[in-house]
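Below: the structure, in structure tokens.
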Amino acid sequence: MAVSEEESSSSSGAGSSKSGSGGCNGGCYLAKTVLRGSVVLQVVYGRIRSSTSYDVVFGKETSIELVIIDEDGVVQSICEQPVFGIIKDIAVLPWNEKFRVGSPQLLGKDLLVVISDSGKLSVLRFCNEMHRFFAVTHIQLSSSGNPMDQIGRMLAVDSNGCFIAASAYEDSLALFSRSASAGSDIIDKRIFCPADKQGKIETASGFTSICGTIWSMCFISNIVCQPNKDYNPVLAILLNRRRSYRSELMLIEWNTKEHSLHVIYQYSEPGPLAHHIVEVPHSYGILLVFRAGDAIVMDFRDPHNPCFLYRISLNFTPPSVEEQNFVEETIRIPDIVDEDYSVAASLLELSDSNKNDPMNIDDDSTVKPGSNFVCSWSWNPGNENNPRMIFCADSGELFLIEFLFDSDGLKVSLSDCLYKTLPAKALLWVRGGLLAVIVEMGDGMVLKIEEGRLVYRSPIQNIAPILDMSVVDYHDEKHDQMFACCGMAPEGSLRVIRSGISVEKLLKTAPIYQGISGTWTIKMKLADSYHSFLVLSFVEETRVLSVGVSFSDVTDFMGFQPDVCTLACGLVGDGLVVQIHQTAVRLCAPITAAHPDGIDSSSPTFTSWSPDNMTISLGAVGPNLIVVATSSPCFLFILGIRTISAHHYEIYQMQHVKLQDELSCISIPQRHLEQTSFISRTNNTNGVPLDSLPNGLDIRNTFVIGTHKPSVEVLSFTSDKGMSVLAVGSITLTNTLGTTVSGCIPQDVRLVLVDRLYVLSGLRNGMLLRFEWPSISTVSSLVSPGLQTFDNSCMANCTSSSIFASQNFRTQPMQVSSLLDKTKDFPVYLQLVAVRRIGITPVFLIPLNDSLDADVIALSDRPWLLQSARHSLSYTSISFPPSTHVTPVCSTECPKGIIFVAENSLHLVEMVPSKRLNVQKFHFGGTPRKVLYHSESRLLLVLRTDLSDDLCSSDVCCIDPLSGLVLSSFKFEPGEIGKCMELVKTGNEQVLVVGTGLSSGPAIMPSGEAESTKGRLIVLCLEQMQNSDSGSIAFSSRAGSSSQRTSPFREIGGYAAEQLSGSSLCSSPDDNSCDGVKLEESEAWHLRLGCSTTWPGMVLAVCPYLDRYFLASAANCFYVCGFPNDNSQRVRRLAVGRTRFMIMTLTAHFTRIAVGDCRDGVLFYSYQEDARKLDQVYCDPVQRLVADCTLMDGDIAAVSDRKGSLAILSCSNHSEDNSSPERNLALTCSFYMGEIAIRIRKGSFSYKLPADDALRACQVASNVGDISQNSIMASTLLGSIIIFIPLAREEYDLLEAVQARLVIHPLTAPILGNDHTEYRCRGSMAKAPKALDGDMLAQFLELTSMQQEAVLALPLAAQNTITFNSKQSPTPITVNQVVRLLERVHYALN
């Protein structure tokens, strides 16, 4: 991820502004999308991958995504592909067996038809081998960019796949017929409408036109449509003519033989506005027209003599359907001859017509139009006899319409409301009774039809629009996460965006596993490489499944007691498994029916051991060792096994100990037998010699417990010496007021050995702890009296003969120097070196294998991968939703499998070595507009608008970044709307400066000037509440004598439900800042009003300046402000600057000020402190509607505009002493994103890749520093995150040559037919330097080696066209060069 601008700039001095890499790279940037937009604008369904697959395609404006919706309603992405253009509409061209195909790859598969800003009609196919879409053909319709009157807005495809129609926004359309031959051209004939320059179309009585807005269109299907028969398609369109309030229905017939168009029917009347027309499937002429307030059903089976059938009111109170009988003798409405036909004449003819006119819809109707309209709909797939449609009204209500065809004609039934949600942009009804609901400004969902109602199944993530973002190194561990304001009210949310580890989902069971209480995988022999059994424990039963191709139930062949809840189980010896439940410990020998290595018997053998009149609460199983604990009274039992005869064994008690405190968890290392001692006297780790660790610790005899004291303790057991305590780690976490943090009882504990031995513990309050053995220097520094007692252990006594033996293990006073030599008799006190809160539910620790250095899955409210080899605590979230249980499963088919238990199903997944950005959602009301991170309190400050509160519509709230809880808020006055906010330094403190508007109207006139409104500048102080029970936490870590360290940490008192899509990464590289333990629990902080001032205009921008001032804008003025005497109770305006138009953004770097307005673009100012004067020194070379701006240094600004471009402006080649306001900034780089970047930030990537050292050996990369320095992050309204990385000139030149070949190679060229250079240059000057397209270059890594060689072998002319006779470059580019450089960029960003 990235470091925020404040962090990256604070470490650089004033002189660095001219020498940063951003300025010396000459505007050489590479733009890469790291999180693709989530807005789904089109959704279609078809057999895309094969003739038997049913796939869903999402059109996302700048990308296309192929997904499937599984039987449980979960959307799974197959592939997502950038299109290097802007999609206008998508439709499916269904497979028709009557058409011959030239390529076997197209056999039985549906095709996609797409129109885009390329001005072309593109037909796409999906290639399973390349796992992406390719173009079959392109047809030029208009010039690029799609003007209003040129074709390229909307598509319609006839149900048989024979014809395609494409329309413009207004005035024109085109029709295409599918080719019946097996040639390469899939399109046969085409015709444009209007065909002549006069724009006239022939009718039966003259001519007419289609001048006006084309709202909707559809084909009227024919019963038989064969390529060898002459068939004239009929297209129905809804038209709204200019300066008319009338909706017009027009039927256009294409005479394919004569190649002419005729209007065969035309109808218009002053009724409700019609906005969509759709054909009822398999009806061959029944149309449904959606109007404002109602829907009408019309019969066009005879297109020359249509009639009206039904009218459905959309007021839903109650739903009503009006039925009209079929009329045998229909009266045809006269055609409108031309555009000048008078409205009065039309009304007169309509009034003179028969009152029984079959097309008389609105006269004398008892069903009045309702107040709703239909915004989306979808048909039931595969239902040919009785078509059914689910539609969504603008109220968000979902209804079902069913069309019944019988001997009496057509009947229509309308259901009650099935579900209520937000108004849906699109609906898609897929097989299995599942309905995908797409919402524009929030998460969509998948619903399932069950017993006549719709039931929620899963979300469809949509984080758009991203209105603001804040990049934070939340744990101070040089690994960042982004907090983003997403969505609009009522679906506004705060999203946490991190890098994450992907998983490949291999298998999912039906949701039949309710009430699972534990999962384990067991081997048959200690030396086996693969697991043999999967044990599932339920509340009142236990089931055992065999691990293999199919997980079959082998419970009856194991010997386990099936009617109990298993507390623990495991392998104690070859062929011997142990089950521990509340009343007994059961030793079992499975038979061959369960496993080939089992005993040859008809039934398994087993033996049991039970404590006397006590209930077992915990247990653990290890090689040759069983440990169980009881509660009330509390005892710890050490059990062993011995052989009585062949296949007959006995469990016997080796020792038992009475406990002072109840145990909470037990862990026995599942080590390999050859591992005897962890001590390696020759290795050092971070300067701490391993000789400082206790001597004689044998892993084979060691286990770890967690207690309710709370503490973690490392114990050892040997047959000759019994049990002894090796180390104790006391868990004492208190806040600054002395209150103990609740929930610090260990839930799970593990012993880890990587160079050094340490103990991991997951607590019940969501914390993760790491304990280490103290070094010699730490122990020697304990000069206090060395009186340590065994009371620090949970064990009251320890004996092998009697539970109530009199032996007391209290040690006698001894010198500190003898501690290391007396570890046999005296425990070492573990040092708590790291604490993290990773969730808000208990933390379970599950190692990925039996090795002591295995990585560990830490499962709380979401799963994390804990990297055991890292110092401190380094954990990476796994891309999987919240789960209750997890266990690794290793088989021949899946050697690195993991089974998650989620939503009552078992999920078999495998982690894949790739990274991705994943999103966590915190939902709260309103629209989040601005987010800031307050480092002192470790809280997020969020500015919200559009609240549903009656007293206020906008506020600033404090949010816990872990749980999403709103801890406190400051509400604005009624009618006041928050516009901006920033943290500003005053003295040694930070205050929050907020700008508001006191009017709900627009702030800007159409001319760009400011409206005459008022606003407020508010100063808020963030203070910690003194009367709270929570605050900064000090933890106690004892080594010999107690010592305390403090670190800010906040305790969360509640649980906030969260919804995860994918997962997130909170990984940290090696962390050397372990002097203090970092804790995070939410403190009690609140916002206090410092002062407020009314300003002459809405305050739209605020920015800190020079660590002692801040900038604020109102209307077309901006001010340098300060706090006199560092008093936050008063704000003084020190200087004022003015622009011609409304100021949108303010940003500063050192002394430089950059102002962005809504017309003149970016303006550079300087402030003279002595004279208190602002001077304009540079201006933008072009007019620009600024969306956001950030200063890379004092000379370079990155600016995004409202047209979808990002530009880099520089004044580094000018001398400021001789400059004037007319001296333009130089445009050093530009890039058209196709999406509006509403927020941009400077950032740098701070973590190092393992392959970086090897990559530096590359010829090109060897002379280049870290390519991630001075990067730019941009978040867009479509939900994308795009990173701009500066490159060295030689890197840029190499990749530019590769890109020039990729844009023309058939495998990588833009699939919508766009000219890539023209597309990325939109909105900028023709000769301006361009950023490289990282999405285009990333395709190079997806090619095979031979394909990569073929791409680089393409010779180029000056205009990047293929010239086969041109000479090769004198310095040819090698695949190795390109791959190494692209991998360095690609994996750093993904």
| query | Is a side-chain donor or acceptor of Gln42 paired with a backbone partner of Lys88 at a separation under 3.5 angstrom? | reply | yes
| Strictly under 6.0 Å, is that where the ring centroids of Phe1231 and Tyr29 end up? | no
| query | How close do Met1144 and Cys1158 get, heavy atom to heavy atom, and via which atoms? | reply | CG-N, 3.9 Å
| request: Find out whether Leu1100 and Cys980 are in side-chain contact, i.e. whether some heavy atom of one side chain is under 4.5 Å from a heavy atom of the other. | output: no
| message | With rounding to the nearest 0.5 angstrom, report the CD to CD distance, Gln1348 to Glu1342. | response | 10.5 Å
| request: State whether Asp1193 and Arg1152 are salt-bridged, where the test is any N-O pair (Lys NZ or Arg NE/NH1/NH2 against Asp/Glu carboxylate O) under 4.0 Å. | output: no
| message | Using modelled atom types and a 3.5 Å cut-off, is there a donor and acceptor pairing between side-chain atoms of Thr1276 and backbone atoms of Leu1278? | response | yes
| Does His138 have any side-chain contact (heavy atoms from CB on, under 4.5 Å) partners at least two apart in sequence or in another chain, and if so, which? | Lys120, Ser122, Ala135
| field | Ile115 to Gly152 - nearest heavy-atom pair and separation | value | CD1-C, 3.5 Å
| Main-chain N/O of Ala1328 paired with Lys1330 side-chain donor or acceptor, under 3.5 Å | yes
| Backbone N/O of Thr62 and side chain of Glu1235: donor-acceptor pair under 3.5 Å | no
| task | Determine whether Val1303 and Gln1299 make a side-chain contact, defined as any pair of heavy atoms from C-beta on separated by less than 4.5 Å. | result | yes
| Non-hydrogen side-chain atoms of Leu1343 and His1305 separated by less than 4.5 Å | no
| request: To the nearest 0.5 angstrom, please state how far the CZ atom of Phe1284 sits from the CE atom of Met1233. | output: 5.5 Å
| Main-chain N/O of Met1192 paired to Lys1242 side chain as donor or acceptor, under 3.5 Å | yes
| note | When Cys1179, Cys1189, Pro1181 are each screened for side chain to side chain contact (heavy atoms under 4.5 Å, CB included) with Val1162, the one that passes is Cys1189
| query | So do Ile86 and Tyr1319 actually touch side chain to side chain, heavy atoms under 4.5 Å? | reply | yes
| request: Show your working on side chain to side chain contact (heavy atoms under 4.5 Å, CB included) between Lys32 and Ile1285 and close with a plain yes or no. | output: CA-CA 8 Å; Lys32 181 73 172 66; Ile1285 296 181; over 6 Å; no
| request: Evaluate the side chain to side chain contact (heavy atoms under 4.5 Å, CB included) criterion for residues Leu1352 and Val1298: first the C-alpha distance (whole Å), next the side-chain angles of each, then the deciding distance (0.1 Å), finally the verdict. | output: CA-CA 7 Å; Leu1352 297 182; Val1298 176; 4.0 Å; yes
| CG/Leu1312 to CG/Leu124 distance, rounded to the nearest 0.5 angstrom? | 6.0 Å
| Any donor-acceptor pair under 3.5 Å linking the side chain of Asp443 with the backbone of Asn462? | yes
| field | Considering all heavy atoms, the nearest Ser1205-Tyr1232 contact | value | OG-CD1, 3.3 Å
| Are side-chain heavy atoms of Leu66 and Phe133 found at a separation under 4.5 Å? | yes
| query | Is there a donor-acceptor contact under 3.5 Å from the side chain of Ser1200 to the main chain of Ala1237? | reply | yes
| note | Heavy atoms of Leu1146 and Val1155 approach each other most closely as CD2-CG2, 3.7 Å
| remark: Shortest non-hydrogen pair, Phe1164 vs Gly1194, comes out as CE2-O, 4.3 Å
| task | Any pair with a residue in residues 1306-1322 that passes salt bridge (Lys or Arg N to Asp or Glu O under 4.0 Å), sequence neighbours left out, goes on the list, sorted by first then second residue, please. | result | Asp117-Arg1322, Glu1318-Arg1322, Arg1320-Asp1333
| said: Quick one, Thr1308 with Gln1339, criterion side-chain hydrogen bond (donor to acceptor under 3.5 Å, both in side chains). Give me CA distance, side-chain angles, the key distance, then yes/no. | reply: CA-CA 7 Å; Thr1308 54; Gln1339 296 182 110; 4.9 Å; no
| field | Side chains of Val1186 and Asp1157 in contact at under 4.5 Å (non-hydrogen atoms) | value | no
| field | Stepwise side chain to side chain contact (heavy atoms under 4.5 Å, CB included) check, Leu35 with Val919 | value | CA-CA 10 Å; Leu35 185 66; Val919 182; 4.3 Å; yes
| note | dist Ile463:CD1 -> Ser38:OG (nearest 0.5 Å) comes out at 5.0 Å
| request: Kindly indicate whether the side chain of Thr1145, heavy atoms from C-beta on, has any atom under 4.5 Å from the side chain of Val1199. | output: no
| query | Distance-only, no hydrogens or angles: does the Ser116 side chain make a donor-acceptor pair with backbone N or O of Ser118 under 3.5 Å? | reply | yes
| note | Nearest heavy-atom approach of Val44 to Leu112 is CG2-CD2, 4.0 Å
| message | Could you check whether any side-chain heavy atom of Ile1208 comes within less than 4.5 Å of a side-chain heavy atom of Ile1272, counting everything from C-beta outward? | response | yes
| note | Interatomic distance, CE@Met469 vs NZ@Lys930, rounded to 0.5 Å, equals 9.5 Å
| Derivation and outcome, side chain to side chain contact (heavy atoms under 4.5 Å, CB included), residues Glu61 and Ile87 | CA-CA 5 Å; Glu61 189 157 318; Ile87 297 172; 5.5 Å; no
| query | Once the angle between the rings of Tyr933 and Phe483 is folded into 0 to 90°, is it parallel (under 30°), tilted (30 to 60°) or perpendicular (over 60°)? | reply | parallel
| task | Give the intermediate values and the outcome of salt bridge (charged side-chain N to carboxylate O under 4.0 Å, His left out) for residues Asp468 and Arg1241. | result | CA-CA 10 Å; Asp468 191 34; Arg1241 291 284 184 268; 3.3 Å; yes
| field | Inter-residue atom distance Met441.CE - Thr927.OG1, 0.5 Å rounding | value | 9.0 Å
| query | Would you say His923's side chain and Gly964's backbone share a donor-acceptor pair under 3.5 angstrom? | reply | no
| said: I'd like to know if Arg36 and Glu65 make a salt bridge, using a cut-off of under 4.0 Å between side-chain N and carboxylate O. | reply: no
| remark: Exactly one candidate in Leu1382, Leu1295, Leu1307 meets side chain to side chain contact (heavy atoms under 4.5 Å, CB included) with Phe1340; the answer is Leu1382
